[in-house]
Each structure stands twice: as structure tokens, then as C-alpha cells.
Number of protein chains: 2
Amino acid sequence: MATIKDVAKLAGVALSTASYAMSGDSKVSAKTREKVLAAARQLNYQKNGFAMDLKRSRTNTIALILTDLSGPYYSELIRSIQDVALSNSYDLIACSSMGGKDSTAVRYLLEKRVDGAIVLAHNITVDLLHAAAGARFPIVVMDRLISGEGLINVVVDSEQGGYSATHYLIEKGHHSIAYISGPANSYDNALRYQGYLRAMREAGLNEKTKWKLSGNFVREGGYKATKMMLVQGELPSAVFYANDEMAVGGMKALEEAGVSVPDDLSVIGFDDIQLAEYLQPRLTTIRQPMYESGSLAGHLLFQRLNGDEVNDFYKLKIELIERSSVKINS
Amino acid sequence: MATIKDVAKLAGVALSTASYAMSGDSKVSAKTREKVLAAARQLNYQKNGFAMDLKRSRTNTIALILTDLSGPYYSELIRSIQDVALSNSYDLIACSSMGGKDSTAVRYLLEKRVDGAIVLAHNITVDLLHAAAGARFPIVVMDRLISGEGLINVVVDSEQGGYSATHYLIEKGHHSIAYISGPANSYDNALRYQGYLRAMREAGLNEKTKWKLSGNFVREGGYKATKMMLVQGELPSAVFYANDEMAVGGMKALEEAGVSVPDDLSVIGFDDIQLAEYLQPRLTTIRQPMYESGSLAGHLLFQRLNGDEVNDFYKLKIELIERSSVKINS
DNA sequence: TTGAAAGCGCTAACAT
DNA sequence: ATGTTAGCGCTTTCAA
């Protein structure tokens, strides 16, 4: 691999001149620049990125850290962050936090391989976040509340979402509402559940423990939880799935059992994944403002990177998307 | 930011000793190591990634380059590559080629910020690929055929896929088959179309130009192309959408026009996206071996990285997924 | 306008 | 077992 040294030698100029010439510095004469560029072309020279980063001690890159790069769930979020990065002429890389301590995400965060990061990965520990973030390394956290130097929170009001979903069901005349929950350690799930409880309490309704089942936020889990509910005999009049993936699995179980949605049972989800409007019936759900929150997260990060002060906490409102999986209960 | 120098000073040892201690080299005494580690902790020391990469002149990271990070389409592929990377203890980062010459992808490729790459981004030019790849920088290209030093091709047999889809329709008694195509400059689309033509020719069937419409591989395009077809009056008995996204749009147009699938018109797609089996009717389509191809691409890259010789061309077979959108034509 | 040289933070060969 | 030192490839200050 040719280095700038080789280029300088071939062009017959000093190292520094070659550097100036190639970075387009105006103090290099046109003739010299041409000589250098020609030499670079001839040697197929490509600058070494790290050397530059090391020297400059900044990378012009931010990282988006996700639990699993392959989650289709994030697409809008990614798109919005990508847009913001592009318009700020920053590079964006995405990396996964799978692999625990040795994950790519952890390395990039700790070894400061980027200038800042947006994190949406519950398996990145709070300690790690505290260790990584700092005045010179801003991190926007999107899946929990955590304060500290360099840390900015952008979250969606899940409690309100859980409340809205439940309240909507109650409004439609449902009094027995099951809650299919996500993983116990999920902060998001906890909030959605709290919202559910608040709406229930407000309406003077009691939660039945036999109708609180865990589906772990995955399709298969929703399927199993629903099977379990089915076996119990008595059915609620509506089910609140804490996310759409579980609702997808649940509706499959329901269909298999001959329970018709929404005639026999109303269903509501959470997230508004792409699939939601293609299900039969079309799934009524809670929509998270993914594009907006990603966009906000990006903007805040860049503001911090530019030295501007920003608040360290933002909470976004959530919207109910009314489709056809909930029926008035009479 | 504390450097290793600060750590060494605080611990009262030499730079190199600190380095050895922290990398777990066995020749450092336990006592010294403890001293160094304590100092590091106290200073909240984190190693600088670039400095290390620069010194080592390798990054232990590979890049996955995609046109658009947010495409849900790739999830299985990403997962498989992630798995392979993890099991080889390499880091994986994903970056987008959006942004043309200044895209993150181009920078990472050219500036050698990773040890190798897997590319599935048609907007990365052939020239760039040639410039970037080399003996010390392997690139696996997944969306076209291109040979050169350091370049490995892993492609899916789209021609065969196009043939299978069409042949299947013919087998079911369809003789008038429309082809809704992708973008003209897409290599993949060209292959699928070739397969279509081969099957048609083989059956002694003629392609009707009025039934070859372009939908640009996107949902909206499929919708419009289908509308256009509808306006023309005469309908074929089956439609081959060159990808599922277009089929989704197309089926919407058909539904709006009161054309029932598959009773009035059979439909086949290509890709087997997640949505396919949730459509009404469930979409019969051609499944690309995404997991397998990603996995293969990853393995090949690592073999090259380890200095092993590998072939530079692999073509994977494709499978037809029979669902309910095609009916026997009588 | 060009060149010489320092130094970013780290690893590793070599000397002790 | 520990220390000294060269050098990875680049940018940039300073001197010519």
C-alpha cells in the first residue's frame, strides 16, 4: 500500500507539500499539485484513515448502536438518523451490541472510534454508558432514562402509549383486558404496563393476573402466551399486546383456535410495524414517532458535537392508529 | 482523555510495561499488573482505537455495505453475516452507500478503515470496487459479477429464479403472463427477465410488449404499473412481479379494481419478503437463500483474510415457495 | 511556495 | 520482568 511518503518521493516534493496538495490547500502551486496528484494516481494512493483520525483526533463519524442490526423494526429510525448525518456531512456506521463485552458496539464506544453515538440497545449497560460518555463524547440514549455527563435522553412516552391503548379499549366497552407483556427487564415494557394499569385503575377495573402473560416481545412468545390464555378457558374481551410482533403471533394462535378477531375478541398492539396494516384484520396499534425521534436524536448529537448546549431529556408523544382489530363490545 | 503514557507515569512503570500489563501479557508480574490496572481505573483510561489500528495495521473489523441501512429486506442477510463475524471474533459495522462519492461506504472502502468488506449496493461503482479491493483487502460482492484482484462474487441464480417462476405459471396452465420489471439498469432485474424469456420461449409462448411494464422494484411502482395494465383492457392470466414489493403494490391495485387474486388473475413474486405470507392471498414467490448467501459471503471473506485461497465465484440456487396466489388456469 | 520535523497514542522488537 | 525506542501514516507548525 502506497503511503503519502511514496507519493511525495515520486512527485519529488516534501511530505508536507504532498499532504497540502492532496487536501486542496491553496498555498500549493497548480503545477506542484498536478505533479502530486499524478504521482498519487500512478501509485494508486489511498490515504490511511486511522492515521488521519489519530492525527486529527476526530473521526467525523457517529455510530448508531442497535441490539441487532437485522431488526426490521428500526428502519424508519435508521433512515432518519442517516438523513441527519448526511446533511451534517458526518459519516454514520451502525453496529450491533450482540456479543456482550466483546461486541463491536462496546469496542467502538470505549475505544472512541467515533465522535459520538446514538444507542438503542438495552444490553449496553448503564455503567458502560457512563464510562463511555463524556464532555468530548456525547451519547444519545433512546431506550431508557439515564443521566450523566455527555448523556442525552430521547424517549417516547410509553406510559402514555400503554394508557392510550388501554383507555381506547375501555372506551369501546371492554372491561376484561388481557396484557401480554414483554421481557421483565425491559424498561419499555414496564412503562407500557404502567400505562395499562393506570387506565384500568382509572376506570375502576381490576387486572386479572391470569390475563397477564409474558411473550418476551417476540412473535413466537405472543403465540405461546395466547395459546396459554386460550387453554385457561375463559377469555377476556380484548387483548393488549405490548408490541406488534407478539400481536402477530397471537393472532395466529387465535385464528388456529377459531377465535375471530375482532368479533370474538378485540386486539391492540404497540409499535405500528410495517406488517400491522397487512394483517387480517388490520391491526389497531400505537405508533411510535420513529422518524421524529431518530431525527431529534441526530440533531441533538450534532449540536453537542458542535459545542452547543442542549437539554438532556426529551420525551415524545405517541399516537393511536385506529384500524380494524378492535370492535365495540356490547 | 488519559493516554497510556499517563497510566504508565501514575503507575510508575515504563510505557511498554503498561501496554503489556493491559493486554494481559504473561511476562508482567502480578504486582505490576495490578498497579497498572489500578492506575488505569483511576484515570478512567480507555485505549485509543485508531492508534492501535494504525500500529497494528489491521482493524479486526469488516464492513457490510448496503445501499440503505434501513432496508428491512436485508435482515436475514445481516443476521447471517453478523453470526459469522461474531464466531470469527471480528467486528462488523454496517454502512450505507447513500451520498455518492462522499458516502460513508466509499470512505471506509477507500481509506481502508476495515480489513475487508461485503458489498450489496449497486450504487458503488465497479471502478471504485476495483480501486478498493486488492490482495490485502478482500471484497465480497453480492449484487453483480465483477472480477479482479481481491474480488469475490457470491450471487444468487436470478436467471434460474425467473425461469422457475415463469415455468411454474406455465405449468399451471397460464399462457399469457405479464412481467412487471425492476429498473432498467438493475443487473438482477435483467437476469430475472432473461429467465422469464427463456421459460416463455421454451413453451413456445410469446412475450407481449404491452405486458412488460416497469415498476422500479418499489411498491408504488408495482401499484402504478398494475393500474396501467388494468387500463389497457385485456388482462393476462398471470403476472410475474420481479420482486415482492412490487407485487404488494400490484395486489393493492388489483383489489381496488375488483380483480380477485388468484381467481381472476394469478400472481407470483420474487424475494419472499416477510410480508409475503401475510398478504391476502398469501403470495407465491421465489425465495432467495439470504441466510445461506450471507453466511457464505462471510466465510469466504474470513478465509481470504486468513490467507486461504478461495474461488472467486459462487452461484446459489433459488427456491420456489408455493402459497396461494396462483391458481390453475383452465 | 516549499521543506523539515514534531507528534498523535499505541505496539513490539530489542536491550537490560 | 522491565525499560528504551522506533515507527505506523498522517497533519500541521515553524522555518527557510
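Chain letters run A, B, ... following the sequence lines, proteins first, then strands; residues in each count from 1. Every value quoted in this text rests on a predicted model; they were computed, and no experiment measured them.
Mapping B/Gly12 and B/Leu54 onto DNA chain D by nearest heavy atom places B/Gly12 closer to the 5' end of the strand. Mapping A/Lys5 and B/Ala30 onto DNA chain D by nearest heavy atom places B/Ala30 closer to the 5' end of the strand. In terms of position on DNA chain C, the residue among A/Ser16 and B/Asn48 whose nearest nucleotide sits closer to the 5' end is A/Ser16.
Shortest non-hydrogen contact noted between B/Leu69 and B/Ser96 is CG-CB, 3.8 Å. The heavy-atom pair separating A/Leu145 from A/Asn153 by the smallest distance is CA-OD1, 3.5 Å.
What separates CG of A/Asp25 from C1' of D/dC14 is a distance of 15 Å, to the nearest Å. Rounded to a whole Å, the CD atom of A/Glu111 is 16 Å from the C1' atom of C/dC8. When rounded to the nearest whole Å, the span between CE of B/Met22 and C1' of C/dG9 equals 11 Å. Between the CG atom of A/Asp53 and the P atom of D/dT11 there is a distance of 10 Å, given to the nearest Å. Going from atom CD of A/Gln46 over to atom C1' of D/dC10 covers 15 Å, rounded to whole Å. At whole-Å resolution of the value, CZ in A/Arg113 and P in C/dG9 are 15 Å apart. The interatomic distance linking B/Ile4 (CD1) with D/dT2 (C1') rounds to 14 Å, in whole Å. As rounded to whole Å, 20 Å separates atom P of C/dT1 from atom CG of A/Leu15.
Of the candidate nucleotides D/dT11, C/dT11, D/dT2, D/dT2 has the atom nearest to the side chain of B/Lys27. Distance from the side chain of A/Thr3 is smallest for D/dG9 among the nucleotides D/dT2, D/dG9, C/dT2.
An OP1 or OP2 oxygen of D/dT2 is reached within less than 4.0 angstrom by a side-chain nitrogen or oxygen of B/Thr32. For C/dG9, the OP1/OP2 oxygens have no side-chain nitrogen or oxygen of A/Ser57 closer than 4.0 Å. Listed pair B/Ser19 / C/dT11 meets the phosphate criterion, a side-chain N or O lying under 4.0 Å from OP1 or OP2. Remark: B/Arg56 is in phosphate contact with C/dA12, judged by side-chain N or O atoms under 4.0 Å from OP1 or OP2.
With hydrogens and angles ignored, no donor-acceptor pair under 3.5 angstrom links the side chain of A/Tyr20 to the base of C/dA4. Remark: the A/Lys55 side chain and the C/dG7 base include a donor-acceptor N/O pair separated by less than 3.5 Å.
Under 3.5 Å, the side chains of B/Thr59 and B/Asp115 contain a donor-acceptor pair of N or O atoms.
Distance alone, capped at 3.5 Å, is enough to place a donor-acceptor pair between the B/Asn48 side chain and the B/Phe50 backbone. Remark: side-chain polar atoms of A/Arg304 are not paired, donor with acceptor, to backbone N or O of A/Phe137 under 3.5 angstrom.
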